[in-house]
Asker: 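Before I ask anything, here is the structure I am working with.
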Amino acid sequence: MKFSAPKGMQDILPPDIYIWQNVEEVARELFHKYGFQEIRVPIVESTDIFIRSIGETTDIVEKEMYTFTDKGGRSITLRPEGTAPVVRCYVEHNLYNLPSPQKFFYTGAMFRYERPQKGRFRQFYQIGAEAFGVSQPSLDAEIIVMLKNLLEKIGIAGLNFELNSIGCDKCRPDYKNALLKFFKSKLAIYCPDCQRRYRTNPLRILDCKVPGCVELRKGAPYVKDYLCNDCREHFNELIFSLKELKIPYTLNPNLVRGLDYYTRTTFEVTSEHLGAQKAVAAGGRYDRLVEEFGGPPTPAMGFAIGMERLATLLKEKSEQKIPSPKVFIATLGRDAEMEGFKIAESIRSSGCWIEPNYGGASLKSQMRKADRIGAEFVLIIGDNELKAGKVQWKNLKNSQQGEVEIKDIASIIQKLSDYIPK
RNA sequence: GUGGGCGUAGCUCAAUGGUCAGAGCACUGGACUGUGGCUCCAGGUGUUGGGGGUUCGAGUCCCCUCGUCCACCCCA
């Protein structure tokens, strides 16, 4: 009986891990330039936090949360997303007393109990960014630019930025009613899912992929026509900014986010190379959430990137090279092995990856091993070398070989490696 | 939660219901007593994912279950 990772969860190992590390490194560096600082919040929260923010009737809350009762009788949930915990943190520590805006980013695992498919897992990783305290659309624009720069920097092209505004508490109800009125007459001919959506979240009908429903919704009310003055102005200014900044985007009036807390700006970054789950990143404004969590009215905006989806794109883009040690030390006999360990330590202090030989094996098999793990150099230490205080070195790329005093090894290796044709 | 495809060696895959389930790659050792790559030789663990059934006989057919992949719902 062999064990395997839990369903929908996966191990990330070399060489894939280097893709992940690179993305995180680039993100950290870039986000700092925009004033976003890293925070770490717990991986679990009180269940209420997610119910209150994401929405009681959303799929995430209704059927996708990993919820359990701890030994103190508290209901605890593995976070299904990152925004709610960050908002809780912001309010708990009264960060609204600090100068606005406060900007944060985080990386980490999220959990949703779903059927796995391409680009969807039960444990998945996000890089998220959240900014608090600015209602101006210039913040929206800045965040979108930052995201675009990140994606460009890590080398992903051909992405589509989709943009929409879903209004605020004032104007969304009007739009919702207009939609309900529009759908009502032909409700019976819509697909069963849409009939359910009619009751739970009518905006979602705009998103349905069933051809019949796509046809039926032609002529449906347009969000843009129902935005209140403030929301319309906000949206127009954002669009203006994006044009000025030369950020290509697509307006998608059918872009509806699944989480209840969104207001005004919503956006999604999609790729055609991902299968059905094609959103690489998504986000939007949530101007009411801080207040909802007991803080003062504080506008906010953020996004999250799906790491697995990003990694998928990066993987199909280029071949990965597996890192290999610079030096392998082949030794014959116990004394030589000990000397080899000492030499290894001194070379490591100069900063390169070195692999020693562990235990007895023929020189031949050690040489073969050095070759297979991709080492550039082999140092050979046997009885003869021990007596002479020297080691044999061999460059495996060009087969040059020579002898060197033990004390000179580190410097020799640095010099020789420069000759190596890459 | 719903629907479909697929589970055979570490990996990629063969095997009409019929002998003891094979091949390539990879791995380890040797040919080469202290020198890698090329070549040759040798070496193997499979509870054929698991359980039950049909049959003289099941990797193959049927049922259940688990896993995986893809899609729906929904979402990063």
Side-chain angles (χ1 to χ4, degrees), chain A residues 1-10 54-55 57-65 79-83 107-129 147 191-194 196-197 200-201 204 207-210 255-259 267-271 274-284 302-313 328 330-333 336 361-386 391-402:
Chain A
M1 176 64 185
K2 235 173 162 181
F3 288 112
S4 58
K7 185 179 179 126
M9 307 192 182
Q10 52 183 351
I54 297 169
T57 61
T58 57
D59 272 25
I60 292 179
V61 168
E62 276 184 346
K63 50 187 208 196
E64 293 175 4
M65 294 205 304
R79 61 183 183 194
E81 59 109 32
T83 300
T107 70
M110 308 294 160
F111 300 85
R112 289 180 204 171
Y113 191 87
E114 303 180 271
R115 275 286 263 278
Q117 71 181 81
K118 191 176 176 71
R120 166 193 285 166
F121 307 94
R122 289 185 172 180
Q123 175 174 335
F124 58 102
Y125 290 79
Q126 291 187 337
I127 298 181
L147 176 58
C191 72
D193 279 329
C194 280
R196 178 178 50 76
R197 291 180 182 119
T200 57
N201 190 351
R204 286 233 86 93
D207 218 13
C208 183
K209 291 163 200 151
V210 176
L255 177 63
V256 178
R257 317 261 49 251
L259 288 65
F267 70 98
E268 222 172 78
V269 184
T270 59
S271 165
L274 280 178
Q277 311 307 321
K278 59 180 187 168
V280 179
F303 67 79
I305 302 170
M307 277 297 289
E308 287 81 359
R309 295 179 187 178
L310 208 55
T312 301
L313 293 174
F328 181 84
T331 55
L332 295 162
S362 69
L363 182 60
K364 181 180 187 59
S365 69
Q366 292 187 53
M367 291 298 288
R368 193 187 308 172
K369 182 172 177 182
D371 184 52
R372 290 190 184 163
I373 64 180
E376 283 180 25
F377 289 96
V378 181
L379 299 182
I380 301 164
I381 309 171
D383 291 339
N384 300 340
E385 286 77 13
L386 279 181
V391 304
Q392 299 283 328
W393 60 263
K394 182 166 189 178
N395 181 331
L396 290 181
K397 303 277 155 82
N398 61 14
S399 296
Q400 279 178 11
Q401 185 165 351

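Every chain is numbered from 1, with letters handed out A, B, ... down the list of sequences.
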Asker: Scan every strand shown for a Watson-Crick or G-U wobble partner of B/U55, both distances under 3.5 Å, and answer none if you come up empty.
Answerer: none
Asker: Considering just the side-chain nitrogens and oxygens of A/Arg112, establish if one lies under 4.0 Å of OP1 or OP2 belonging to B/G1.
Answerer: no
Asker: Does A/Glu81 reach a base, just sugar-phosphate, or nothing at all? Heavy atoms under 4.0 Å.
Answerer: nothing
Asker: If pairing requires Watson-Crick or G-U wobble contacts with both distances under 3.5 Å, which nucleotide is the partner of B/G1?
Answerer: B/C72
Asker: If you restrict it to nitrogen or oxygen atoms, what contacts under 3.5 Å exist between nucleotides 30-34 of chain B and the protein, and what is each distance?
Answerer:
from	atom 1	to	atom 2	distance (Å)
B/C32	O2	A/Lys364	NZ	3.2
B/G34	O6	A/Asn384	N	3.2
B/G34	O6	A/Asn384	OD1	3.4
B/G34	O6	A/Asn384	ND2	2.7
B/G34	N1	A/Glu385	OE1	2.8
B/G34	N1	A/Glu385	OE2	3.1
B/G34	N2	A/Glu385	OE2	2.8

Asker: Applying a 4.0 Å non-hydrogen cut-off, can you work out what A/Ala279 is touching in the nucleic acid: base, sugar-phosphate, or nothing?
Answerer: sugar-phosphate
Asker: Answer whether the closest heavy-atom distance between the side chains of A/Phe124 and A/Met307 falls below 4.5 Å.
Answerer: no
Asker: Within the 4.0 Å heavy-atom criterion, would you say A/Glu268 contacts the bases, only the backbone, or no part of the nucleic acid?
Answerer: nothing
Asker: State the pairing partner of B/G22; accept Watson-Crick or G-U wobble contacts with both distances under 3.5 Å, and report none otherwise.
Answerer: B/C13
Asker: Is A/Lys369 touching bases, backbone alone, or none of the nucleic acid, heavy atoms closer than 4.0 Å?
Answerer: nothing
Asker: With both distances kept under 3.5 Å, what pairs with B/A42, Watson-Crick or G-U wobble?
Answerer: B/U28
Asker: Give one of base, sugar-phosphate or nothing for A/Phe328, where a contact means two heavy atoms less than 4.0 Å apart.
Answerer: nothing
Asker: Checking base pairs now: Watson-Crick or wobble, both atom distances under 3.5 Å. What partners B/G67?
Answerer: B/C6
Asker: Under 4.0 Å between any heavy atoms, over every strand shown, what does A/Arg196 touch: base, sugar-phosphate, or nothing? Just pick one.
Answerer: sugar-phosphate
Asker: Would you indicate, yes or no, if B/C74 has its OP1 or OP2 atom less than 4.0 angstrom from a side-chain nitrogen or oxygen of A/Arg115?
Answerer: no
Asker: Can you check whether A/Arg197 has a side-chain N or O nearer than 4.0 Å to OP1 or OP2 of B/C74?
Answerer: yes
